Q: 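Below you'll find the structure I mean.
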Amino acid sequence: MDKKQIIKHLDTIALYLEIKGENTFKVAAYHRAGLALENDPRSMDEIEDVSKLKGIGKSTAMVIDELMKSGRSLVLQALEKEIPSGLLDLLRLPGLGGKKIGKLYRELGVVDRNSLRAACEQKKVRALSGFGEKSEERILQSLNEQKRPAQLALPYMLDVSEQLAQILQSIKAVARFSKAGSLRRTKEKMKDLDFVIETDDPEFVSEQLLKELPIHEVVGKGEAKMTVILDDPNHVSVDFRYATKQTYASMLLHFTGSKEHNVLLRRLAKERNEKISEYGIECEDGSVRTFTTESAIYRDFGCSFIPPQAREGKDELDWAQKGPLPLIHLSEIKGDLHMHSTWSDGAHTIAEMAEAMRAKGYAYACLTDHSRSLRVAHGLSSEQLLRQREEIEKINARFDDFTLFAGVEMDILPDGSLDYPDDVLCQLDFVIASIHSSFSQSQSQIMKRMENACRNPYVRLIAHPTGRLLGKRRGYAVDVERLIALAKETGTALELNASRFRLDLSAKWLGKVQDAGVKIAIDTDSHSMEMMNDMTLGVDTAIRAGIRPQTVLNTWSAAQLKSFLQQQKSGTTVATDQ
DNA sequence: GCCGTTTTCGGCCCGACTGTTTTCAGTCG
């Protein structure tokens with residue numbers, strides 16, 4: 001049984017206990033045990049003794065060991081016998097938690113969605129103490145709505161949040177606002193959107209929002225916050241939290257989370273006999289200190305600033321107490337090495353793309369249009385590619401503060417061969433190789449293709465290594481560990497494709513890439529000028545993975561990069577005299 | 001159930017909002 005399955009089983013135990021009405025700390029203990037596993041970078045086989053992990057004690061360790069050995073757990077089996085499994089699903093209904101579900105089960109014999117619906121329709125639910133007419137109606141309503149996905153993918157949520165941001169900007173009573181929650185931490189999936197808003201007049205802002213937004217339902221509305229469900233295809237839930245000038249920084253920190261990070265902060269405060277909340281830090285004498293920035297709050301705890309993406313409740317506070325975190329920062333990105341022009345499937349000309357990159361303050365960029373086999377994207381023939389190189393040189397001559405490199409994004413064909421011969425590739429500054437076809441091949445076929453690409457002396461980078469599309473497509477059967485080893489052996493870099501649709505490689509793998517000593521390029525794969533802005537998302541993902549600037553090719557100066565590109569690759573086979 | 005430089009018991013993070021209640025429990029984040 002792998003780690004993911006074990007975590008799922010631990011969470012299931014927690015849900016059962018919640019319905020049983022167990023002590024909430026006991027329930028949390030099972031969740032925390034799962035979290036401890038999730039936060040450990042090792043695989044289950046590499047962890048020799050799970051009880052050594054913080055948050056896993058005797059009982060949870062036993063459950064984990066059982067699951068590892070036999071795939072079953074006595075604790076879980078006992079719970080499954082005792083409690084109908086259909087009740088677990090009911091926890092997802094709004095307004096229902098363990099206690100209320102337990103009551104419905106014990107007093108009305110509710111065991112699943114259908115029996116709950118029947119109980120509501122017979123008006124039995126409103127008779128229970130703690131329930132009433134309104135709760136019954138609300139349960140019935142949510143039962144009859146079709147299920148919306150529990151988690152929505154980042155690209156979709158970015159779109160929605162960008163629209164919301166425009167509306168917030170137009171409301172005069174909004175002094176400033178920021179996204180918060182999972183979106184600000186750049187999670188790949190999230191269940192809702194959070195915004196923190198500074199205003200003197202929350203009620204007015206709520207009114208304006210209700211006027212401007214397509215509302216499906218107002219879930220809650222008060223002085224401090226408003227929660228709405230949008231009338232969009234996925235019924236996105238949005239929280240707006242209102243802050244004053246004084247509480248804004250604390251509010252933002254609190255609602256950016258993660259929940260686990262907040263728990264760590266509160267513990268730290270508690271050690272000093274203080275309390276931290278979304279309103280500031282309360283001292284022993286009851287006075288509250290407020291802060292103007294998140295940095296100031298961390299400083300108050302003797303910590304350096306922790307970027308949102310690193311706030312996952314692991315050991316980030318320990319690190320931050322030792323000094324500044326050695327993480328990459330957006331301002332260190334000096335160029336973008338993967339973009340397309342109208343020569344293949346891009347929206348803008350070479351000159352327009354180059355100017356836009358230069359306007360972003362970059363020192364260089366690399367044009368990498370598609371190769372000849374990718375017909376749908378108007379891939380370039382060898383002749384076109386070499387002609388394009390001349391065009392690039394002409395444009396490049398206009399700049400004295402910016403370098404436009406000539407590159408290509410070359411297909412790795414289904415049979416493992418590359419789309420251009422070496423005598424073409426050797427004329428380019430930078431060759432990217434990637435897979436765009438035959439996604440359903442076996443892992444060994446995919447890896448054969450990857451190996452051929454890595455072993456070519458001119459291929460410097462493997463782009464979007466897994467081929468996934470967030471929320472849409474899983475990608476092909478690449479063995480990432482093996483790919484990292486190949487990259488290491490051949491001196492090939494791996495891409496962090498920063499496009500909001502990809503984020504490929506994911507944070508999960510990037511740490512391993514860095515640990516192996518393999519270089520990373522953070523590229524936007526821009527097909528238009530607007531897409532260049534996704535560099536932020538790429539850097540955020542790198543931060544989540546703990547990537548240092550030195551690991552990233554495009555933090556280097558143009559001169560450093562040039563000299564790197566001119567070095568011979570190792571472990572490659574130069575096709576010469578056969 | 002987990003944890004401990006206040007260590008084997010008694011804590012465990014804190015506040016908003018709702019619906020049910022006449023002062024608060026449950027849910028949620």
Side-chain angles (χ1 to χ4, degrees), chain A residues 10 13-14 16-36 50-64 75 90-104 125-139 142 180-183 185 190-196 202 206 217-229 237-243 247 250-251 253-282 288 313:
Chain A
L10 288 168
I13 292 177
Y16 273 122
L17 292 174
E18 203 175 336
I19 292 171
K20 253 188 94 177
E22 273 286 1
N23 178 339
T24 51
F25 297 111
K26 189 169 171 176
V27 175
Y30 278 94
H31 281 305
R32 266 207 299 275
L35 226 89
V50 286
S51 69
K52 289 232 170 74
L53 295 182
K54 211 174 159 194
I56 296 180
K58 232 168 127 189
S59 306
T60 45
M62 193 141 78
V63 170
I64 294 167
V75 178
L90 302 184
L91 279 169
R92 299 194 10 205
L93 296 173
L96 287 187
K99 296 219 169 75
K100 287 197 163 169
I101 291 172
K103 195 164 211 172
L104 290 167
V125 172
R126 64 179 65 179
L128 295 183
S129 72
F131 291 84
E133 211 172 315
K134 269 197 174 170
S135 1
E136 188 179 80
E137 276 166 16
R138 186 136 172 232
I139 291 169
S142 51
S182 305
L183 182 68
R185 304 202 314 282
M190 61 206 79
K191 63 191 237 327
D192 66 358
L193 292 174
D194 294 279
F195 283 90
V196 170
S206 285
E217 184 191 341
V218 180
V219 180
K221 185 161 161 288
E223 275 179 23
K225 67 166 193 166
M226 174 168 75
T227 305
V228 300
I229 292 176
S237 170
V238 191
D239 270 3
F240 300 98
R241 308 274 176 164
Y242 301 121
T247 61
S250 287
M251 199 68 76
L253 180 70
H254 182 87
F255 288 108
T256 297
S258 64
K259 231 187 287 178
E260 294 74 23
H261 182 78
N262 288 349
V263 168
L264 293 183
L265 277 174
R266 291 202 183 99
R267 262 190 223 150
L268 217 52
K270 197 153 182 163
E271 281 170 22
R272 308 193 304 189
N273 291 319
E274 294 178 340
K275 278 200 280 191
I276 180 169
S277 75
E278 58 265 50
Y279 297 104
I281 296 180
E282 190 185 320
V288 177

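Computed from heavy atoms alone, side chains included, the values below leave out hydrogens, waters and symmetry copies. Please read all numbers here as calculations on a predicted model, not as lab measurements.
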Q: Nearest heavy atom decides the nucleotide; on that basis, is A:Lys58 or A:Glu278 closer to the 5' end of DNA chain B?
A: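 Looking at the nearest nucleotide for each, A:Lys58 comes out on the 5' side.
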Q: A:Ser237 and A:Thr227: which non-hydrogen atoms are nearest, and at how many Å?
A: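 For A:Ser237 versus A:Thr227, the nearest heavy atoms are OG-CG2, 4.1 Å.
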Q: Ignoring backbone atoms, establish whether A:Tyr242 has a side-chain N or O less than 4.0 Å from OP1 or OP2 of B:dG15.
A: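 Checking B:dG15 against A:Tyr242, no side-chain N or O comes under 4.0 Å of OP1 or OP2.
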Q: When we call it a touch if two heavy atoms are under 4.0 Å apart, what does A:Leu96 touch: a base, just sugar-phosphate, or nothing?
A: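 The answer is sugar-phosphate, as A:Leu96 gets under 4.0 Å only of primed atoms, P, OP1 or OP2.
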Q: Name the closest nucleotide to the A:Lys99 side chain, picking from B:dC12, B:dG26, B:dG29.
A: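 Looking only at side-chain atoms, A:Lys99 lies closest to B:dG26.
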Q: B:dG29, B:dC3, B:dT20: which one has an atom nearest the side-chain heavy atoms of A:Asp239?
A: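 For A:Asp239, the side-chain atoms sit closest to B:dG29.
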Q: Identify which nucleotide among B:dT20, B:dA16, B:dC14 has an atom closest to any side-chain atom of A:Lys134, counting heavy atoms from C-beta outward.
A: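 The answer is B:dT20.
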Q: Nearest-Å distance, CD1 (A:Ile139) to P (B:dT18)?
A: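 One finds 17 Å between P of B:dT18 and CD1 of A:Ile139, rounded.
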Q: Could you work out which one of B:dA16, B:dG1, B:dG29 sits closest to the side chain of A:Asn23?
A: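 Per side-chain heavy atoms of A:Asn23, the pick is B:dG1.
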Q: For a quick check of understanding: with a heavy-atom distance under 4.0 Å over all strands, which category does A:Glu133 fall into, base, sugar-phosphate or nothing?
A: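 Sugar-phosphate, backbone atoms only, no base.
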Q: So if I take every side-chain heavy atom of A:Ala29 and compare against B:dC2, B:dC3, B:dA16, which nucleotide ends up nearest?
A: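 Within the option list, the nearest is B:dC2.
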Q: Using heavy-atom distances to pick each residue's nearest nucleotide on DNA chain B, tell me which of A:Phe131 and A:Val263 is more 5'.
A: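 Its nearest nucleotide lies further toward 5', so the answer is A:Val263.
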Q: Using the C1' atom in both, what is the distance from B:dC14 to B:dC9, to the nearest Å?
A: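 To the nearest whole Å, 24 Å.
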Q: Could you give the distance separating B:dC17 and B:dT23 at their P atoms, to the nearest angstrom?
A: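 Approximately 23 Å lies between the P atom of B:dT23 and that of B:dC17.
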Q: For B:dT20 and A:Ser135 - does any side-chain N or O of the residue sit under 4.0 Å from the phosphate oxygens OP1/OP2?
A: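 Yes, such a contact exists.
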Q: Just do the side chain to side chain contact (heavy atoms under 4.5 Å, CB included) check on A:His254 and A:Tyr279 with the steps written out, would you?
A: CA-CA 9 Å; A:His254 182 87; A:Tyr279 297 104; over 6 Å; no
Q: Please give the distance between the P atoms of B:dT6 and B:dC2 as a whole number of Å.
A: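 Their P atoms lie roughly 23 Å apart.
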Q: Just to confirm, is there a sub-4.0 Å distance from OP1 or OP2 of B:dC12 to any side-chain nitrogen or oxygen of A:Lys270?
A: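 Result: yes.
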Q: Rounding to an integer number of angstrom, what distance separates B:dT8 and B:dC3 when you compare their P atoms?
A: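 Per the computed distance, 16 Å lies between those P atoms.
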Q: Which one, B:dA16, B:dG29, B:dG15, comes nearest to the side chain of A:Ser277?
A: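 Closest nucleotide to the A:Ser277 side chain: B:dG15.
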Q: Could you tell me how far apart A:Ile64 (CD1) and B:dG1 (P) are, to the nearest whole angstrom?
A: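 Interatomic distance, CD1 of A:Ile64 to P of B:dG1: 14 Å.
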Q: Using Watson-Crick or G-U wobble geometry with both distances under 3.5 Å, which nucleotide pairs with B:dT8?
A: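 Result: none.
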Q: State which of B:dG1, B:dG19, B:dC14 makes the closest approach to the side chain of A:Phe25.
A: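 Looking only at heavy atoms from C-beta outward on A:Phe25, the closest nucleotide is B:dG1.
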Q: Contact class for A:Tyr30 (heavy atom, under 4.0 Å): base, sugar-phosphate, or nothing?
A: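 If one applies the 4.0 Å heavy-atom cut-off, A:Tyr30 turns out to touch the sugar-phosphate alone, with no base involved.
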Q: Kindly point out which of B:dT27, B:dG1, B:dC12 is positioned nearest to the side chain of A:Lys100?
A: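 Nucleotide nearest to A:Lys100's side chain: B:dT27.
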Q: In whole angstrom, give me the gap between the P atoms of B:dG1 and B:dT5.
A: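 Their P atoms lie roughly 23 Å apart.
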Q: Send over the distance from A:Glu271 CD to B:dT6 C1', rounded to a whole Å.
A: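 So the two atoms are 12 Å apart, to the nearest Å.
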Q: A:Ile229 CD1 to B:dC28 P: how many Å, rounded?
A: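 In whole Å, B:dC28 P and A:Ile229 CD1 are 12 Å from each other.
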Q: With distance as the sole criterion, is a donor-acceptor pair present between the side chains of A:Lys191 and A:Ser182 under 3.5 Å?
A: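 There is no such pair between these side chains.
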Q: Using the C1' atom in both, what is the distance from B:dT27 to B:dT20, to the nearest Å?
A: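 That atom pair is separated by 13 Å.
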Q: Any idea which of B:dG29, B:dC17, B:dG1 is nearest the A:Thr60 side chain?
A: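 The listed nucleotide nearest to A:Thr60's side chain is B:dG1.
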Q: Please report the distance separating the P of B:dA16 from the corresponding atom of B:dG11, rounded so that it comes out in whole Å.
A: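 It works out to 24 Å between them.
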Q: Could you check whether A:Ile56 gets within reach of a base, just the sugar-phosphate, or nothing at all, counting any heavy atom under 4.0 Å?
A: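 Here A:Ile56 touches the backbone only, sparing every base.
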Q: Figure out the NZ/P separation between A:Lys225 and B:dT18, and round it to whole Å.
A: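 My rounded result for the distance is 8 Å.
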Q: Between A:Leu104 and A:Leu90, is a side chain to side chain contact (heavy atoms under 4.5 Å, CB included) present by the stated rule, with each step listed?
A: CA-CA 11 Å; A:Leu104 290 167; A:Leu90 302 184; 5.5 Å; no
Q: Does A:Ser129 place a side-chain N or O at less than 4.0 Å from the phosphate oxygens OP1/OP2 of B:dT20?
A: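 It does not, given that no N or O in the side chain of A:Ser129 lies less than 4.0 Å from OP1 or OP2 of B:dT20.
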Q: Measure from the side chain of A:Ala224, starting at C-beta and using heavy atoms only, and say which of B:dG29, B:dG1, B:dA16 lies closest.
A: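 Nearest nucleotide to the side chain: B:dA16.
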Q: Using a 4.0 Å heavy-atom cut-off, does A:Glu22 contact any base of the nucleic acid, only the sugar-phosphate backbone, or nothing at all?
A: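 Nothing, no nucleic acid heavy atom in range.
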Q: Students often get this wrong, so: under 4.0 angstrom with heavy atoms, is A:Leu91 touching a base, only sugar-phosphate, or nothing?
A: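 Here A:Leu91 touches no strand at all.
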